[in-house]
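Everything below concerns the one structure shown next.
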Amino acid sequence: MGDQENDRRRARSRVTVDGPERAPHRSMYRAMGLTDQDFRQPFVGVANLATEVTPCNFHLDLVAAEVKTGVRDAGGTPIEFPAITVSDAIAMGHQGMKGSLISREIIADSIEVVAFAEGFDALAAVGGCDKNLPGILMAAVRLNIPTVVLYGGTMMPGHFQGRAVSVVDVFEAVGAHAAGRLSDQDLDALERAACPGPGTCGGLFTANTMGILVETLGMAKLGTSAVPAVHPDRARRAREVGAQVMETLALGIRPKDVITRQSIENGIRVAAALGGSTNSVLHLMAIAGEAGLALTLEDFDRISRETPHIGNLKPGGEYLMADLHRVGGVPLILRRLLEAGLLHEDAMTISGKTLGEEIRQYPLPTTEEADRIVYPVERPLHPDGALAILRGNLAPDGAALKITDPSGAVEFTGSARVFDGEEAAFAAISAGLVQSGEVVVIRYEGPQGGPGMREMLSVTAAIVGQGHVSDVAMVTDGRFSGATRGPMVGHVSPEAWVGGPIALIQDGDTITINSRKRELSVDLPAGELDRRRETWRRPEPQFRGGAFAKYQRLFSSASRGARTTIWED
Ligand code: FES
């Protein structure tokens, strides 16, 4: 490589370490063992989201170390730095969940700030739990320096009474236990069996959905996401990622070359085809927003209507992410959609090849087992996708529904049971006070109202655990975990905090959820909502200072990805 080319690759780090005036800066680096040769090489920031707060990221130090080896072997100087993580499962069901969506913004902000301040030439980022990959991608787009993302991988399944289980089975068991349908001993045995080691929650929940999407978007090396956290291939693939980031830097490919309208539409397509988490709606909108791409909820609905549902993965289906790895991982999904003409195959990837070129170089098993986990496009589980955007007088700006019912649709009309906040709803459900045919409405849980748009997994799992798999519905301006199943509508916009119609619903109102008509409505006489609005008052904020008050001020509507925005896009 000539000096000119090396200077091009070091365009940012040269400013921090070249020349006599940078002697103090080099001195600081020398204190950490860097050599003259290190200063002549591109600086690659390695964002490592390792932490002891969650098994999802518990092993990432090992993964990041392999990435750094790959960077160094390929002629780069790796510099590791951390970013925060919140464990969604451990934050679930209490006030702590208000920190989850905020953590996405802090991850994005912290990676952006460190990479900007240190003048890295390129970035590799290793993350696991739900908000990690969206936060990393948002930062990558903002920085727009060559970046490769590596997902830390799923947890292996636990085994209980002859079946594969994950932490979500434990959440649902809490409801069964409260209803007297599960003994203390069985709950204890399940708790001990469900999570057998490091890695993210095992089904097609939010983290695994985003792991699949980061490959689909072209920001990760193909074939890396489905490798389980403890699989021996993970170290090898991590070293390859280190080499890849140097290659991506050499090619000059930047995140905004990869995150385009085409790649975002591919992401929506895959989420719809698999029945991925409704959080993917928020995250893809936020990533697109950072890239300056105009994306609306209608894009999700249109693509979902045109997409066959082929993923037989939990929570709607039968299999876990580790099963997907066994039959070919993400390339299997992408190959099936590509051959059906359902992907933009010209979308660019971090390798410099198009997505189509990348997918076609993967040998794929076509076995009966593969067909059970990812159905062939010509024989789908359902003819259209599992994501639906609902509108109506209860959600003028939209609401999100993931269809997990085997019928492929949700048609539910019931009587409202209204709760201000998750705690009141959980207490009523645990006490058996919610009846078949009711629609549980949980409000003041939106991006601003919560703040932080809590996920309602404890509530939805308690409903399911009490045997109300499809005869009790829920409507909320909060979110759902990717693990939620049943007729559950989230992201209702405008949220209650800003005076959206959900703030005006009363016990006994008749609410209709209809996925075929894309409808979320309340049956009230004309003018009744306006009449109720006259007496509505916003509650006092819970936080007057600190991070929660700050993000309460900055979050946009869920219908725009709940991204923090200073100026209107
Ligand atoms: Fe991290 Fe579930 S808590 S993926």
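Numbering of ligands and ligand atoms starts at 1, following listing order. Computed from a predicted model, the values in this text were never measured in an experiment.
Atom CG of residue Leu297 and atom OG of residue Ser493 lie 7.0 Å apart, to the nearest 0.5 angstrom.
Close approach of ligand 1 to Cys56 is summarised as follows: ligand atoms under 4.0 Å from at least one heavy atom of the residue are 1 (Fe), 3 (S), 4 (S). Atoms of ligand 1 lying under 4.0 Å from any heavy atom of Cys129, numbered from 1 in the order shown and given with element: 1 (Fe), 3 (S), 4 (S). With ligand atoms numbered from 1 in the order given, ligand 1 contributes 4 (S) to contacts under 4.0 Å with heavy atoms of Ala207. Remark: ligand 1 atoms within the under-4.0 Å shell around heavy atoms of Asp88 are 3 (S). Residue Asp130 has at least one heavy-atom neighbour below 4.0 Å for each of these atoms of ligand 1: 2 (Fe), 4 (S).
Aromatic ring centres of Phe120 and Phe81 lie closer together than 6.0 Å.
For the side chain to side chain donor-acceptor pair (under 3.5 Å) test with Tyr151, the passing option among Asn132, Asn208, Thr224 is Asn208; the others fail. With Lys131 as the fixed residue, the side chain to side chain donor-acceptor pair (under 3.5 Å) test singles out one of Asn279, Thr206, Asp88: Asp88. No option in Val270, Leu213, Leu274 other than Leu213 meets the side-chain contact (heavy atoms from CB on, under 4.5 Å) test with Ser280.
Looking only at heavy atoms of the protein, atom 3 (S) of ligand 1 is closest to Ala89 N, 3.2 Å.
Between Arg236 and Glu240 there is a salt bridge, since at least one side-chain N of the basic residue sits less than 4.0 Å from a carboxylate O of the acidic one.
Not one N, O or S atom of Cys201 sits under 2.8 Å from atom 1 (Fe) of ligand 1.
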